[in-house]
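Proteins come first, then strands; the chains are lettered A, B, ... in the order of their sequence lines, and each starts at number 1.
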Number of protein chains: 2
Amino acid sequence: MRSIRPGQELMAYGAPVSGPLIILSGWAVRSRILADGRRQIMSFILPGDLIGNCRQRCPLSVSSIVALGSLTLCPGPIAIPALDQVYAVSHALDEAYLLAQITRLGRLSAEERLIDLMLELYERLSLSGLTADDGFTWPLTQSALADALGLTPVHVNRTLQHLRGRGDVTLRSGHLQLTDPYQLAKRVGHITARVTGSSELS
Amino acid sequence: MRSIRPGQELMAYGAPVSGPLIILSGWAVRSRILADGRRQIMSFILPGDLIGNCRQRCPLSVSSIVALGSLTLCPGPIAIPALDQVYAVSHALDEAYLLAQITRLGRLSAEERLIDLMLELYERLSLSGLTADDGFTWPLTQSALADALGLTPVHVNRTLQHLRGRGDVTLRSGHLQLTDPYQLAKRVGHITARVTGSSELS
DNA sequence: CGAAACATTGAACACCCTCAAGGCCTGTGG
DNA sequence: CCACAGGCCTTGAGGGTGTTCAATGTTTCG
């Protein structure tokens, strides 16, 4: 098990991938920085998630991975046939979340993007039992949210206030509370990721 | 080998994935349609590309796949250990292209998005020998481009004319010609996808 | 207690959208 | 051969969503 400090880079863009890691606690982001400093967050990595899950020889990282807060992680087991399915499902879910992110950025309004992302995080954390009473720990700054949603921090702030004003969410001191997740999902047309026919998840 | 008509759906969203397929000729798109009719194209599928490349049990499709023009394809070989690496690299490249798409949609301007996508398609087709003299067949309507780039067809049209006006590209009758790919790549900070340490690609 | 990071607010502007109309090209049928 | 229909592309004018710049308030932490 390893401990990581806030802001530390777990994996650098273009660097060789050493091996699979499992996040035990804390959040991280997969991101890319453009030449002029613009940053795009591709996806969020939550407790229980697997990273560095590559099958090709000499894999290179296609994104950098940065710890949002303090993080603990441990090496993932390799070459255990019984875990093939777990790795495969994990990989498929990762892909599904990337597709959801593309749809958010390409076709949703700022308000829809925020709600849709909150619902995705809520569902993913629920699978690990990290939610309680439709709420969960929220370590994201508005600036990080902006980089994930393709917006500016200023506009994220205004959109958040709009959501608070409508009573859709309660967000303060690192905790997000969804007033009515089902109703929100219906409003923005949010769909839950599903990658296998049977109901075996994660 | 199978032939597919223009507009035909190869794979439906949420439907079981039957098995791997290889595109022999023609282009297709991975897309998702929202409840109100908005469409987002996640990625383009080019000749030589592999689809339905899932390892989990009972895989469900997380996007629908639609033929852009006429298409020919054949089933991909399965359970041949020697091909594991090919499948792994194909999968890694797919992921890299999704990340590139996320960055395009989240942080690039309309003009940058267009150029960046053109360069990606150019590079991918080059790997299959489907380009000649910095140009290639261009089967995309402006409407399809808009759905891929998160823009409206009207604005795609205006942006294209701007590019033509600057002499960056020549686009007419189904053929795209890049005036100076290297210069364009430099201008928008485009980076070529790379997923393995050695120089074995595709 | 002071500094730094984060959140909030206002005003002006830009990029891209919407709506609507017209032009071009291709294939089809009379 | 011509008329017509249906995609697709093009163009204009006006409006809205989100940006930029800048300043102030708030929280956190050493």
Undergrad: When the distance from CG of B:L105 to C1' of C:dC16 is rounded to whole Å, what number comes out?
TA: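 Taking CG of B:L105 and C1' of C:dC16, I get 14 Å after rounding.
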Undergrad: Would you confirm whether A:E9, through its side chain, and A:S64, through its main-chain N or O, come within 3.5 Å as a donor-acceptor pair?
TA: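 Here the side-chain-to-backbone pair does not exist.
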Undergrad: If you take any heavy atom closer than 4.0 Å to DNA chain C, which residues from residues 110-121 of chain B end up in contact?
TA: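 Correct list: B:A110.
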Undergrad: Both distances under 3.5 Å, Watson-Crick or G-U wobble: on that basis, could you give the dot-bracket string for DNA chain D, with [ ] for crossing pairs and | for other-strand partners?
TA: ||||||||||||||||||||||||||||||
Undergrad: Can you name the nearest heavy-atom pair linking B:I41 to A:I102, along with the distance?
TA: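 Heavy atoms only, the tightest pair is O-CG2, 4.4 Å.
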Undergrad: Nearest 0.5 Å, please: how far is CG in B:D49 from CZ in B:F44?
TA: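 Rounded to the nearest 0.5 Å, the CZ-CG separation comes to 12.0 Å.
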Undergrad: Return each pair, listed once, that meets salt bridge (Lys or Arg N to Asp or Glu O under 4.0 Å) where at least one residue sits in residues 102-113 of chain B; pairs must be two or more places apart or across chains.
TA: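 Applying salt bridge (Lys or Arg N to Asp or Glu O under 4.0 Å) to every pair that reaches into residues 102-113 of chain B, excluding sequence neighbours, yields A:R38-B:E112, A:D147-B:R107, B:R104-B:D116, B:R104-B:E120, B:E111-B:R166, B:E111-B:R187.
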Undergrad: Quick one: closest heavy-atom pair of B:I23 and B:G26, and the distance?
TA: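 It is CG2-O, 3.6 Å.
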Undergrad: Less than 4.5 Å apart, side chain to side chain, heavy atoms only: is that true for B:I45 and B:W27?
TA: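 Not in contact.
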Undergrad: Could you check how far CG of A:N157 sits from P of C:dT9, rounded to whole Å?
TA: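 Taking CG of A:N157 and P of C:dT9, I get 7 Å after rounding.
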Undergrad: Please list, for nucleotides 21-27 of chain C, all pairs of protein and nucleotide N/O atoms separated by less than 3.5 Å.
TA:
none

Undergrad: With sequence neighbours left out, write down each residue that passes side chain to side chain contact (heavy atoms under 4.5 Å, CB included) with A:N53, or none if nothing qualifies.
TA: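 Result, side chain to side chain contact (heavy atoms under 4.5 Å, CB included) vs A:N53: A:L50, A:Y87, A:S90, A:H91.
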Undergrad: Tell me, please, which residues at least two apart from B:S63 pass side-chain hydrogen bond (donor to acceptor under 3.5 Å, both in side chains).
TA: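 Per chain and number, B:S63 pairs via side-chain hydrogen bond (donor to acceptor under 3.5 Å, both in side chains) with B:R30.
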Undergrad: Within this structure, what is the CD-CE distance for the pair B:Q101 and B:M42, rounded to the nearest 0.5 Å?
TA: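 Output value for this atom pair is 9.0 Å.
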Undergrad: Without swapping roles, check the side chain of A:R32 against the backbone of A:V62 for a donor-acceptor pair under 3.5 Å.
TA: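 Checking the backbone N and O of A:V62 against the side chain of A:R32, a donor-acceptor pair under 3.5 Å is found.
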Undergrad: What side chain to side chain donor-acceptor pair (under 3.5 Å) pairs are there with at least one residue in residues 12-26 of chain A, not counting sequence neighbours?
TA: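 Listed once each, the pairs are A:S25-A:T72.
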Undergrad: In residues 138-156 of chain B, what residues come within less than 4.0 Å of DNA chain C, judged by heavy atoms?
TA: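 Contacts with DNA chain C under 4.0 Å: B:G150, B:L151, B:T152, B:V154, B:H155.
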Undergrad: Once side chain to side chain contact (heavy atoms under 4.5 Å, CB included) is applied, do any residues pair with B:R5, and if so which ones, sequence neighbours excluded?
TA: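 With sequence neighbours excluded, B:R5 shows a side chain to side chain contact (heavy atoms under 4.5 Å, CB included) to B:Q8, given in chain and number order.
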Undergrad: Give a yes-or-no answer on whether the side chains of A:E123 and A:T192 include a donor-acceptor pair shorter than 3.5 Å.
TA: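 Short answer, yes.
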Undergrad: Regarding A:R107, tell me which of base, sugar-phosphate or nothing describes its non-hydrogen contacts under 4.0 Å with the strands shown.
TA: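 Nothing, no nucleic acid heavy atom in range.
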Undergrad: Search all heavy atoms of B:G167 against all heavy atoms of B:T179 and return the closest pair with its distance.
TA: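 The pair with the smallest heavy-atom distance is O-OG1, 2.6 Å.
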Undergrad: What contact category does B:R38 fall into here, base, sugar-phosphate, or nothing, at under 4.0 angstrom with non-hydrogen atoms?
TA: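 Nothing, no heavy atom under 4.0 Å.
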Undergrad: List for me each residue that meets side chain to side chain contact (heavy atoms under 4.5 Å, CB included) alongside A:L171, sequence neighbours excluded, and say none if there are none.
TA: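 Residues passing side chain to side chain contact (heavy atoms under 4.5 Å, CB included) with A:L171: A:W138, A:L160, A:R164, A:L176.
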Undergrad: List the residues meeting ring pair (Phe, Tyr, Trp, His ring centres under 6.0 Å) with B:H190, not counting sequence neighbours, and say none if there are none.
TA: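 Once residues adjacent in sequence are excluded, B:H190 has no partner under the ring pair (Phe, Tyr, Trp, His ring centres under 6.0 Å) criterion.
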Undergrad: Classify the nucleic acid contact of B:S109 as base, sugar-phosphate or nothing, counting any heavy atom under 4.0 Å across all strands shown.
TA: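 Contact class for B:S109: sugar-phosphate only.
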Undergrad: Extract, from 5' to 3' on DNA chain D, the first and final nucleotides lying under 4.0 angstrom from some heavy atom of chain A.
TA: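 Using the under 4.0 Å cut-off, the span is D:dG18 to D:dC21.
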Undergrad: Which whole-number value in Å describes the distance from B:R158 CZ to C:dC15 P?
TA: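 Rounded to the whole Å, the gap is 14 Å.
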